Amino acid sequence: MVMPLIDFAQSQKECYNTVSFCSTERKEGFTKNMQSLSGAFEQGDTSIVQIIVYKNMEYRVSVCSPSNPELEGKFQFKIAEDVKKGVWEENTIYVDSTYEDENFDEKTVKVPKLQRKRVYQTLEEIRYDNADYEMSQEFVFTSNKTRKLKVKVYVPNSDGEEMSSGLSGSSYACVGLLIEHQPGIVTGFNR
Amino acid sequence: MKSLFTNLFLISFVFGVTSCSSSPDQNNSPETVQELTEELVEEKSNDNIFYQVPTPNELFAVLKNSNADFNKEILNDVSNSGKYLTKYSKALNFGVYTADLAYATSQGSFEDAASLFDAIKSLSKDLEIENAIDQIIFKRLKFNLENANADSLFYLSNETYYNAFSYLEENGRQDVLGMIVVGGWIEGLNIILNLEPYIEDSEICQRIADQKLTLENLLVFTSNVQNDKLVDLISDLSKIEEVFNQELENSSDELNDAEVSNLTNEDGVMVFGGGESASLSNSQFDQLKSIVMDLRTSIIEGN
């Protein structure tokens, strides 16, 4: 993707701290998490925010764009995790095999052998997709262990309409990915 | 935009070779002769990836549940705050003190919290970020200190860090931001390494092992910072990374399949499950403790 850098830099500055303008339903105990992100996001583009979530902590993720109300409620976001998975790959190879024929002469021939190879690949597993939950713009979750997760935010096009306000480069929208946390219910330290 | 990664690592292990043969006519069907294990890790490049680092507050919020006693001795003495003369040492130690503050407030240590707030206020002035930590926050801090409100203090210590972070980001002061985050991360790790002796699979040891993930993000987060001293310090973090990575070399569990699953708890909250928890050996613990202590000593001495 090629971007006009000056335009982008200007837009980034204008979008500073968008998350602080996200109105969230106050829920007792949640604290702003520094892994939140504000920025100029190009419409139609997907941005990925890689975060660390701790075991025994509850997280709330929400997306907002106060400067572009026409986008509100339309953000798609997914939470994904890279997971190592193994699959068996089978190949037939040919190896030398020695035997004695009826005259007791030693002979060598090529015989087929099956080679099984366990291949581990890092695959992306989608843990949550708000498209499966009526495009809910907020999601609360917890984890049974500390994980590295990717929050993928898709900024929709506003149907060819001019952006309603804000940015000097009109193809960008100020978007806030607000992450909050609070200690979760402790159910023991079992691994 | 953060940096790009395009790596392909290939690790192969030959697990065993079995071979048997007789006459060729007995070899019509293929048979297993070899089992290999191969790991493929591919990190795709993407311009729009942002790598984030949790605050020390988040770490200590989790540790509130561990029963480790508060250890005042591991805090950086607030009397040191006046001896930091360079932007580099001031910013690193701003990070150190905010981590100490998070720890002290998480444990309800009001006396230490009060003096740590003063040290942070003083350094914030020197770093020209005092506007980020406005008077309202300090008034609220004072009120909650006087009223011994531990939860509010812990919340406000997070606000302090968050506001400083946002202010620096807004003003494009990535170098100072990087120094604060690195200082805070090292101090946070030093604190949890000194909470208790090594106990296999303890809550504390798990949290220490978890810092491998945080370090990976921290290294990318700071990769664009243009400051020679910080670049040197970050390269020293590679020693910590090497110790964390020993786990990968020594553990066969690493290649186990990680089945993932989502559950819903009694409060209706989705729980991401599955996968192996990180672990730490006694040797890794000792090595980390020594490396982190050296780095941290160099920071608090203002070198």
Side-chain angles (χ1 to χ4, degrees), chain A residues 1 13 16-17 20 31-35 37 45-58 81 83-86 92-93 95 97-99 109 111-122 125 127-128 139-149 181 183-186 189 191, chain B residues 19 21-24 27 30-42 46-55 57-59 61-62 64-65 155 158-159 161-162 165-166 169-170 201 203 206-207 210 213-214 216-217 255 257-258 260 262 265 267 269-275 277-278:
Chain A
M1 184 184 62
K13 196 155 186 161
Y16 155 73
N17 214 6
S20 65
T31 306
K32 270 186 287 186
N33 188 297
M34 218 172 66
Q35 297 182 88
L37 185 81
D45 205 6
T46 301
S47 287
I48 301 169
V49 185
Q50 196 180 80
I51 61 168
I52 309 293
V53 298
Y54 282 113
K55 175 186 171 186
N56 291 339
M57 189 72 89
E58 200 168 283
E81 182 177 14
V83 175
K84 203 177 285 177
K85 284 196 170 173
T92 302
I93 59 169
V95 296
S97 177
T98 307
Y99 70 99
V109 292
V111 294
K113 299 283 182 186
L114 186 70
Q115 184 187 60
R116 300 181 77 223
K117 193 193 289 181
R118 188 71 166 161
V119 177
Y120 286 86
Q121 291 177 307
T122 301
E125 188 88 30
R127 307 295 303 241
Y128 174 82
F139 174 52
V140 178
F141 70 96
T142 184
S143 174
N144 73 336
K145 62 165 223 161
T146 300
R147 298 175 190 277
K148 193 184 278 190
L149 298 174
H181 67 268
I185 297 162
V186 180
F189 295 145
R191 305 194 63 202
Chain B
S19 179
S21 61
S22 55
S23 64
N27 285 298
E31 58 185 299
T32 302
V33 293
Q34 208 166 24
E35 285 193 2
L36 301 165
T37 302
E38 187 175 84
E39 183 188 1
L40 289 162
V41 181
E42 190 174 4
N46 189 319
D47 272 345
N48 288 351
I49 300 186
F50 301 85
Y51 295 84
Q52 305 294 77
V53 183
T55 58
N57 280 76
E58 214 173 328
L59 174 64
V62 174
K64 269 181 160 183
N65 304 319
Y155 176 85
N158 186 65
E159 286 282 293
Y161 200 96
Y162 188 95
F165 187 95
S166 302
E169 214 170 31
E170 178 191 16
D201 291 344
E203 181 68 7
Q206 279 183 52
R207 290 297 152 266
D210 290 341
L213 299 178
T214 307
E216 286 166 2
N217 275 20
L255 290 178
D257 287 18
V260 298
N262 289 344
N265 69 15
D267 296 325
V269 173
M270 192 181 287
V271 182
F272 292 165
S277 290

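Just so it is clear: chains get the letters A, B, ... in the order the sequence lines come, proteins before strands, and each one is counted from 1. Just so it is clear, the model here is predicted, and its values are computed rather than measured.
For the pair R127(A)/N262(B), a side-chain contact is recorded, criterion being any heavy-atom separation below 4.5 Å from C-beta on. A 4.5 Å side-chain heavy-atom check between E58(B) and Q35(A) finds at least one atom pair inside the cut-off. Between E58(A) and V269(B), some side-chain heavy-atom pair lies under the 4.5 Å cut-off. Taking the side chain as every heavy atom from C-beta outward, I52(A) and Q52(B) never approach each other to under 4.5 Å. Contact of the Y54(A) side chain with the T214(B) side chain is registered, since non-hydrogen atoms from C-beta on lie closer than 4.5 Å. Counting only heavy atoms from C-beta outward, the side chains of K145(A) and Q206(B) never approach each other to under 4.5 Å.
For the atom pair CZ (R147(A)) and OG (S277(B)), the distance works out to 8.0 Å, reported to the nearest 0.5 Å. Atoms CG and CG, on L213(B) and L149(A) in that order, are 9.5 Å from each other to the nearest 0.5 Å. Within the model, atoms CG of D267(B) and OG1 of T142(A) stand 10.0 Å from one another, a figure rounded to the nearest 0.5 Å. From Y51(B), atom OH reaches atom CD1 of I48(A) across 8.0 Å, with rounding to the nearest 0.5 Å.
At a 4.5 Å heavy-atom cutoff, the contact between M34(A) and chain B is made by backbone and side-chain atoms alike. At a 4.5 Å heavy-atom cutoff, the contact between V53(B) and chain A is made by backbone atoms alone.
Contact count against chain A (heavy-atom pairs under 4.5 Å) is highest for F272(B) among F272(B), Y161(B), Y162(B). When N57(B), N158(B), T55(B) are compared by the number of non-hydrogen pairs under 4.5 Å with chain A, N158(B) comes out ahead.
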- Residue pair N217(B), K148(A): steps toward the side-chain contact (heavy atoms from CB on, under 4.5 Å) verdict: CA-CA 9 Å; N217(B) 275 20; K148(A) 193 184 278 190; 3.6 Å; yes
- Query: Hey, mind stepping through E216(B) and Q50(A) against side-chain contact (heavy atoms from CB on, under 4.5 Å) and telling me if it holds?
  - Reply: CA-CA 11 Å; E216(B) 286 166 2; Q50(A) 196 180 80; over 6 Å; no
